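Take a look at the structure below.
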Amino acid sequence: MTSSTRKRTIARLLVGTAAASAIGVPAFAQDSETLAAASTTQPAIVVTGTRITNPNLEQSSPIQVVGQDEIDYRQATNAEELIGELPGIAPGVNSSVNNGSAGAATLNLRGLGSQRNLVLLDGSRLVASTLGSATDLNIIPVALVERVEVITGGASSVYGADAVSGVANFVLRQDFEGVEAAGTFGLTERGDGERIRMDLTVGAGFDDGRGNAVLSIGYQETDAVLQSNRLVSQNATFGGQAFGSNTTVPTLINGMQLAPDGQSLIPQYNTFNYAPFNYFQTPLERYNMFAMASYEITPGIEVYTRGMFTRAQVDVAAAPSGLFTQGFQLPLNNPFINETIRQQICAIPTIAIDPATCTAAGQATGPNDPNFLAPTVVLDRRLVEQGPRLTENTTNQFQLWAGVRGDLSPTISYDVSATYGESRRASTNFRYGLMSRVQQALFAADTTTCYDPSNGCFPINIFGGGVGTNIDPQAIAFIDQPAGATVETSLAVVNATLNGTFGETGFFTETPIGFAVGVEYRDYTAGQVADVPSATQGEVMGSGAPSPSFRGGYDVIEAFAELIVPIVEDVPGFYSLQAEGGIRVSDYSNTGTSVTWKAGGSWEPFEGFRFRGIYQVSVRSPNIGELFLPTTIGLTNLTVDPCAGQNPVGNATLTAICIAQGAPAAAIGNIPQPSSAQINTSFGGNPALDVEEAESITLGLVATPPQIPGLVLSIDYFDITVTDAVSSPTVPDILTPCFGPNSDGNGSDPSLCASFIRNPFNGSLNGGAETPGILLPLSNLGRFETSGVDLRVNYTLPVSFGSINWDFNGTWWDSFVIQSTPTSGALECVGLFSSACDPIKPEWQFNLRTTVAIDDLVDISLLWRWIDGVEYQFRGAGQGFLPESEAFDEANYFDLTVRSNVSENFDVTLTVENLLDRDPPKTSSFIGSTAFNNGETYPSTYDALGRRYTVTGRIRF
């Protein structure tokens with residue numbers, strides 16, 4: 001069935017059944033008293049995650065709830081701050097990610113990747129903001145969020161097949177009436193990182209309560225925090241010593257560096273400290289608007305609509321750009337080099353030009369002179385004259401909803417809705433420089449004239465000594481041209497559900513059987529439009545990878561059903577016993593038909609103690625980026641190249657491998673180590689990808705003993721296994737089988753050596769378009785498995801002056817296994833950090849909030865966050881790192897909040913985060929992946945900003 005035929009078919013189907021079924025915003029089944037506790041006091045343990053609306057029926061899937069009080073205490077600027085520190089949630093991309101950020105904040109449930117969980121708004125999907133189908137949490141209207149419900153055990157049969165690791169549902173306040181204005185200001189103790197948030201919400205009922213309309217507008221601004229302003233991150237280090245990038249100043253030519261006086265080439269004597277230029281907190285400016293309205297036409301028929309718009313700008317900074325081990329044709333008559341340097345260049349083994357010919361080439365009058373020569377050299381030169389790199393990421397997102405809902409009978413309800421959303425993120429790079437213009441500027445007739453003067457070419461002098469301030473501003477203006485690309489995504493959903501109960505009682509119980517059935521159609525498109533420089537491999541220097549233009553899409557039709565069956569209740573040993581099941585059949589235009597389902601139940605032997613369990617099978621279809629992204633050359637992490645330096649000298653086997661991978665024979669013994677511990681990698685989508693399957697098991701106990709009023713306890717074991725996973729091999733998966741564990745060429749699978757394609761000029765794994773580096777293709781050969789235990793304890797103790805509440809939320813991570821291919825080893829990552837295991841998944845982690853409520857006047861709340869110790873995957877392997885860089889001790893953070901009701905209509909909240917001003921653990925920049933090891937620490941896991949203060953004032957009337 002073609003996509004257009006599918007769209008017409010589903011449209012006719014939904015129009016024909018609109019009077020009988022539908023859904024847009026599902027209600028949630030949960031105990032009303034428990035829900036009230038979650039919404040108005042501390043978060044409590046609730047059971048939710050279903051489209052069945054009977055409040056007497058409880059689901060078997062565990063859920064974490066962030067209630068209204070927790071939202072107030074956190075005073076979050078964006079939605080990621082509300083849930084990013086919950087145990088069991090591995091860090092995603094957020095404001096602390098500088099190198100590797102696209103300006104979005106994402107969710108990473110259970111560490112299985114942002115592409116394997118869903119972010120919902122009132123149970124409805126939001127348009128993705130990235131090519132990898134991730135939702136940007138920056139678009140959530142935080143001012144209207146009443147609570148956040150996080151299901152972390154699989155929810156595919158309820159919400160869709162891509163909810164492999166779970167769902168985060170941001171539930172908004174409904175039927176708001178009145179005016180609420182709030183302002184937030186925050187600042188670190190060092191005086192930077194200023195945060196401002198202002199929100200205005202207006203709502204009113206009309207027509208005697210039959211209708212309600214709400215409008216909320218907001219503005220948020222977060223200032224940057226530079227790594228130069230924190231001691232932990234002021235220098236890139238290796239082995240405790242300052243050690244930066246080989247792309248430095250003065251210039252390196254094939255690994256030999258210009259002497260400080262600029263008169264000759266000598267062995268390399270310095271590196272470039274790139275650390276101070278990066279951000280610990282990326283600057284953000286965001287405007288958002290959200291509106292919703294509903295109107296009851298007649299009893300049993302209500303129409304509703306919603307709309308949201310967000311405009312956000314997130315800037316990302318990096319050290320100055322440069323000529324990053326790229327091959328350039330260098331005319332030997334370049335006016336900025338002397339005869340000594342010229343002869344040294346000619347003597348490079350991979351160039352090998354005799355002295356007389358070299359001298360004659362230096363005297364050539366131009367490219368048409370028979371003596372003119374321009375051999376290819378590998379240049380490293382940090383363009384400090386250009387200033388730090390800057391990328392502006394501007395996102396414009398909107399989404400509209402419309403629907404009708406109501407009751408067909410006292411026990412059956414319907415809901416029909418449609419939504420459409422678009423996201424457009426424009427990324428513009430400034431001060432990166434264009435490789436083609438550098439090449440043009442190297443072909444200089446004299447110090448002010450280029451052989452090709454087009455576009456205002458001005459010669460570039462990269463041959464001066466000193467600290468590198470020799471490039472004329474006119475040359476900088478010529479090579480420094482903005483370049484960018486725009487990512488566009490869209491989502492269209494039509495959804496219909498019929499839900500209710502079969503009668504008013506069950507077969508043997510007072511509680512009736514609950515059901516929900518429905519259909520859903522979704523259409524996804526995504527693509528990237530780039531200018532010519534951004535789309536050209538290696539043209540935008542220092543960008544890591546090009547951004548080729550492409551577009552793709554797919555659609556899916558789904559039918560789903562859920563059933564909760566009370567079996568017996570109110571008999572000895574069976575206060576309650578019920579079973580549940582669900583199924584969703586999906587027909588994807590790209591991967592065909594797949595089925596997801598769940599089966600589970602709960603047993604309450606006596607009131608207040610309920611055992612629950614559920615087994616779920618999820619099938620995820622690959623997203624647009626995984627399918628259609630063109631193959632490009634980017635960067636990945638590698639500290640030591642087996643072919644570098646003297647390692648292959650005297651080892652015939654290793655030498656042969658290096659040469660077979662493209663290294664010139666003359667370069668053996670002089671191949672440089674990876675620049676900044678990064679090498680080129682070739683990656684891209686794979687249209688042949690098929691679905692991946694996940695199985696999840698959750699077993700748990702929920703206790704609300706009547707003997708201890710105010711106590712709610714839950715403990716749940718989870719186990720999630722993803723097979724046929726869309727993944728690519730890790731670098732060790734290919735490196736070790738090729739080169740062997742001792743890097744001597746005696747590997748177990750020499751065929752994998754063909755996965756390396758080296759720089760043809762110097763044999764390294766760095767370079768431009770001529771160096772694909774290591775090939776890491778996507779396939780369905782991966783496997784992930786994670787298991788552990790979640791524990792939640794919430795207890796409220798009434799006292800004479802009010803109440804004391806303790807809310808404990810902890811996770812024990814038993815296992816997290818990554819296996820990229822069937823032949824690669826299974827890697828256990830719990831308690832480890834490395835490029836393969838990032839982000840950090842500590843074995844133990846918990847949050848404990850203690851709140852003292854003094855009548856209705858003041859709340860004093862202390863949050864204790866504890867993170868277990870972790871260590872480097874290759875700790876003690878003799879890689880040259882300091883012992884303290886290879887292990888982090890346990891971390892304790894305390895946040896103190898005071899909230900005071902100054903008057904009936906006005907309250908103030910003051911928070912001191914990181915109360916004890918704990919410093920983050922320090923490691924080496926050359927450990928782990930760049931997206932998570934940012935500034936010699938892991939700021940997504942540990943607080944790198946230090947003590948900071950936030951105050952919020954809110955008025956309501």
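Nothing here was measured: the structure is a model prediction, and the numbers come from that model.
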So that I know where these two stand, are [X] and [Y] an aromatic pair - ring centroids less than 6.0 Å apart?
X	Y	result
F739	F756	yes
F881	F926	no
Y274	F272	no

Do [X] side-chain atoms and [Y] backbone N/O form a donor-acceptor pair below 3.5 Å?
X	Y	result
K841	P839	yes
E385	P473	no
Q263	D261	yes
N637	G928	yes
Q268	L252	no
S682	P772	yes
Q873	S834	no
T536	V532	yes
E770	G768	yes
N933	S924	yes

[X] side chain to [Y] side chain, donor-acceptor N/O pair below 3.5 angstrom:
X	Y	result
D838	S929	yes
N273	N235	yes
R381	T247	no
T923	Y872	no
T237	E936	yes

With side chain to side chain donor-acceptor pair (under 3.5 Å) as the test, pick out the partner of R758 among N766, D641, N680.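 The side chain to side chain donor-acceptor pair (under 3.5 Å) with R758 is passed solely by D641 among N766, D641, N680.
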
Of T251, D380, N270, the one forming a side chain to side chain donor-acceptor pair (under 3.5 Å) with Q257 is N270

Would you name the heavy atoms of [X] and [Y] that are closest together and state the gap between them?
X	Y	answer
A836	T730	CB-CG2, 4.3 Å
A944	P939	CB-CB, 4.0 Å
L752	C738	C-CB, 4.3 Å
D315	E392	OD1-CG, 3.4 Å
A259	Y269	C-OH, 3.6 Å

Go through it in stages, so that I can follow the logic: the residues are F833 and I927, the test is side-chain contact (heavy atoms from CB on, under 4.5 Å), and I'd like the CA-CA distance, side-chain angles, deciding distance and then a yes or no.
CA-CA 8 Å; F833 58 94; I927 287 179; 3.5 Å; yes

CA sep, side-chain torsions, deciding dist, call: V487, T130, side-chain contact (heavy atoms from CB on, under 4.5 Å)
CA-CA 7 Å; V487 171; T130 71; 5.9 Å; no

Verdict with supporting geometry, L265 and I345, side-chain contact (heavy atoms from CB on, under 4.5 Å)
CA-CA 9 Å; L265 298 176; I345 292 173; 4.3 Å; yes

L379 vs V377, side-chain contact (heavy atoms from CB on, under 4.5 Å): CA-CA, chis, key distance, verdict: CA-CA 6 Å; L379 297 178; V377 297; 3.7 Å; yes

Does any non-hydrogen side-chain atom of P642 lie less than 4.5 Å from one of L735?
yes

Handout entry: Min side-chain heavy-atom separation V540-L434 under 4.5 Å
Key = yes

- So D480 and R389, salt bridge (charged side-chain N to carboxylate O under 4.0 Å, His left out) or not? Walk me through it. CA-CA 10 Å; D480 177 20; R389 284 168 284 177; over 6 Å; no

Run through N229, D192, T188, T937 and flag the one making a side-chain contact (heavy atoms from CB on, under 4.5 Å) with F280.
->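 The option that passes is T937.
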
Paired with C346, the side-chain contact (heavy atoms from CB on, under 4.5 Å) test is passed by just one of I341, I353, L373, namely I353

Heavy atoms of other groups near N338 CG, more than 12 under 6.0 Å =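 It does: N338 CG has more than 12 such atoms within range.
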
